[in-house]
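What you are looking at is a predicted structure, and each value in this text was computed from that prediction instead of being measured. Convention: sequence-line order gives letters A, B, ...; per-chain numbering from 1. Just so it is clear, the values below take in all heavy atoms, side chains as well, and ignore hydrogens, waters and symmetry mates.
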Amino acid sequence: MADEKKLTPRGEDFAAWYNEVVLRAELADYSPVRGSMVIRPWGYGIWENMQRALDDMFKATGHENAYFPLLIPMSFIEREQEHVEGFAPELAVVTRAGGKELEEPLVIRPTSETIIYSMYAKWVQSWRDLPVLLNQWANVMRWEMRTRLFLRTSEFLWQEGHTAHATGEEAERETLLILGIYRRFMEEWMAMPPITGLKSNSEKFAGAVRSYACEALMQDNKALQAGTSHFLGQNFSRQFDLKFQSEAGQEEYAWNTSWGVSTRLVGGLVMTHGDDAGIVVPPRLAPLQVVIVPILKGDDTAAAVKAKAAEVADRLRELGLRARVDDRDNVSPGSKYYEWERKGVPMRVEIGPRDLAEGKLALARRLVPEGAKRKEFVAEGEAVAGMPERLEAFQAELLQAALRRRDEHSYRGVKSVDEVKEILDGPGGFVFTGWNGDPAVEQTMKDACKATSRVVASEEFRSETPPERCVSGDGPSQMEVVWARAY
RNA sequence: CGGGGCGUGGCUCAGUCCGGUAGAGCGCUGCGUUCGGGACGCAGAGGUCCCCGGUUCGAAUCCGGGCGCCCCGACCA
């Protein structure tokens with residue numbers, strides 16, 4: 001960095017920008033163990049707000065929280081063939097404890113299907129015990145070769161929902177219900193509009209029958225898998241003997257789903273809204289929505305300014321907002337502006353002697369609309385009373401901007417691998433094409449374009465005119481698939 | 001695992017080629033003056049120069065070995 005105070009601009013080096021902004025906005029820091037990270041209060045505060053919103057949505061749809069243990073017997077993981085093959089390279093295993101070699105190695109959970117369905121097998125006897133709708137907030141570990149803060153770390157935080165149902169249809173409905181919840185959360189809370197769809201066989205969860213995903217487009221026009229919801233069929237039920245007696249008296253295997261989002265979402269948030277000044281946190285997720293900076297002159301106005309700042313903060317809190325006065329006296333106001341902008345606080349209020357005299361407050365939004373002034377001077381009463389609406393308007397604008405960017409970088413009616421390559425080597429984005437369903441086409445795309453199939457688009461994301469031919473030129477299209485370079 | 005780079009104060013780094021009192025900027029502490037977009041003055045704290053061994057009167061610097069981290073590639077539910 002030529003200037004230590006400035007971040008590397010996004011356009012110059014997006015990856016460098018991302019790392020700097022995560023560190024300098026104090027979202028996270030590297031830990032002594034390679035590939036793991038410390039989530040600092042500002043980053044954790046964002047995660048807590050995400051958790052609260054998602055948890056409310058899960059509860060509203062009948063789910064309950066529980067907690068299953070960190071350590072899983074190795075033999076459990078090995079029970080489901082595809083599952084073990086998918087996870088084997090990433091497992092961290094405890095072989096020694098209490099000063100002795102363990103008789104059976106214990107896996108630090110990379111995900112909890114095996115332990116959870118083994119327990120469900122104990123708890124479920126009858127169709128009357130179904131459905132089981134549980135979620136857990138937990139940490140998981142997947143040993144990664146190359147890591148990036150929030151986006152890919154060996155240990156991360158997430159929620160994993162695991163349900164058991166009497167019928168496949170019901171389980172499939174659950175899978176899609178959760179996919180919808182994820183999508184709604186990403187739009188309404190994160191202002192990060194994903195496209196949704198079905199994962200190809202090569203991209204699906206190891207052990208699932210079908211995986212659905214939310215894929216969001218980052219500002220560098222790479223895709224981020226932001227949430228997944230899996231229809232597991234009876235794969236795990238069969239391996240863990242999760243059976244129930246049906247209404248008709250038949251013994252049947254239960255049908256399962258599992259679904260999760262992780263702290264990766266924080267990384268997605270950064271790459272969706274951040275700019276060269278720092279991150280931008282949508283108001284609904286911001287740990288601090290309004291920061292108040294008093295401008296203190298070395299005269300007799302100082303006390304009055306401080307009192308007004310405290311009063312405004314109180315009144316904003318009475319409106320249910322998260323507001324705070326930054327009353328540090330060893331940092332100049334300008335320095336505070338930069339700091340809170342870097343951290344993405346949606347709204348800043350400045351109060352100085354001049355404002356006090358005029359009965360006004362200076363409002364500075366984290367991002368200002370095209371052509372608008374950086375600061376707005378508003379009568380105090382109106383500024384306070386109108387703050388919730390201003391924040392909601394900001395939230396809505398962030399979503400609109402992200403939607404616009406996503407749609408501007410969605411390329412439809414693309415007919416050849418060469419064309420896909422041209423787009424991805426150029427502007428980048430989501431490329432919609434026809435596909436015959438052959439995995440060989442995915443390999444071709446990977447070799448030629450460094451792109452993977454992100455999803456087979458859900459109905460509402462499909463093009464008005466369905467593609468006729470597969471992008472490979474080989475046969476008619478069976479489905480419309482979205483390609484992108486991905487995180 | 002292959003290729004490249006780097007380990008010096010909290011951070012970013014200079015010094016290493018050519019051995020001779022360990023430095024700068026930022027940050028930090030105290031006091032004072034400041035405060036409407038990254039303040040200033042004065043005083044101060046802070047270092048096993050990644051580790052082990054060797055050469056030398058003397059090693060951050062030279063030699064040997066080891067460890068760690070970062071980047072690129074491969075891999076990636």
> Which one is paired to B:rU55, where only Watson-Crick or G-U wobble pairs with both distances under 3.5 angstrom count?
Replying inline: none
> Of A:T147 and A:T228, whose closest RNA chain B nucleotide lies nearer the 5' terminus?
Replying inline: A:T147
>> Regarding A:A362, tell me which of base, sugar-phosphate or nothing describes its non-hydrogen contacts under 4.0 Å with the strands shown.
In response: base
> Aromatic rings A:H230 and A:F205: how do their planes relate, parallel, tilted or perpendicular, breaks at 30° and 60°?
Replying inline: parallel
>> From the set B:rG38, B:rG36, B:rC76, return the single nucleotide nearest to any side-chain atom of A:R354.
In response: B:rG36
> What nucleotide, of B:rC76, B:rG36, B:rG37, holds the atom closest to the side chain of A:P353?
Replying inline: B:rG36
> To the side chain of A:K375, which of B:rG37, B:rC76, B:rG36 is closest?
Replying inline: B:rG37
> For A:W259, what residues pass the ring-ring contact (aromatic ring centres under 6.0 Å, His included) criterion, not counting sequence neighbours?
Replying inline: A:F58, A:H63
> Looking at the side chain of A:S332, which of B:rG37, B:rG38, B:rC76 is the nearest nucleotide?
Replying inline: B:rG38
> Base, sugar-phosphate alone, or nothing: which one does A:E341 contact when heavy atoms must sit under 4.0 Å apart?
Replying inline: base
>> So if I take every side-chain heavy atom of A:F377 and compare against B:rG38, B:rG36, B:rC76, which nucleotide ends up nearest?
In response: B:rG36
> Counting side-chain heavy atoms from CB outward, which of B:rC76, B:rA39, B:rG36 is closest to A:D355?
Replying inline: B:rG36
> Which is true for A:Y337 with a 4.0 Å heavy-atom rule: it touches a base, it touches only sugar-phosphate, or it touches nothing?
Replying inline: base
> Under a 3.5 Å cut-off for both distances, is B:rC69 Watson-Crick or wobble paired, and to whom?
Replying inline: B:rG5
> Residues two or more places apart in sequence or in another chain: which of them pass side chain to side chain donor-acceptor pair (under 3.5 Å) with A:S36?
Replying inline: A:S31
> P atom, B:rG30 versus B:rG23: distance in rounded Å?
Replying inline: 25 Å
> Do any side-chain nitrogens or oxygens of A:K446 fall under 4.0 Å of OP1 or OP2 in B:rC76?
Replying inline: yes
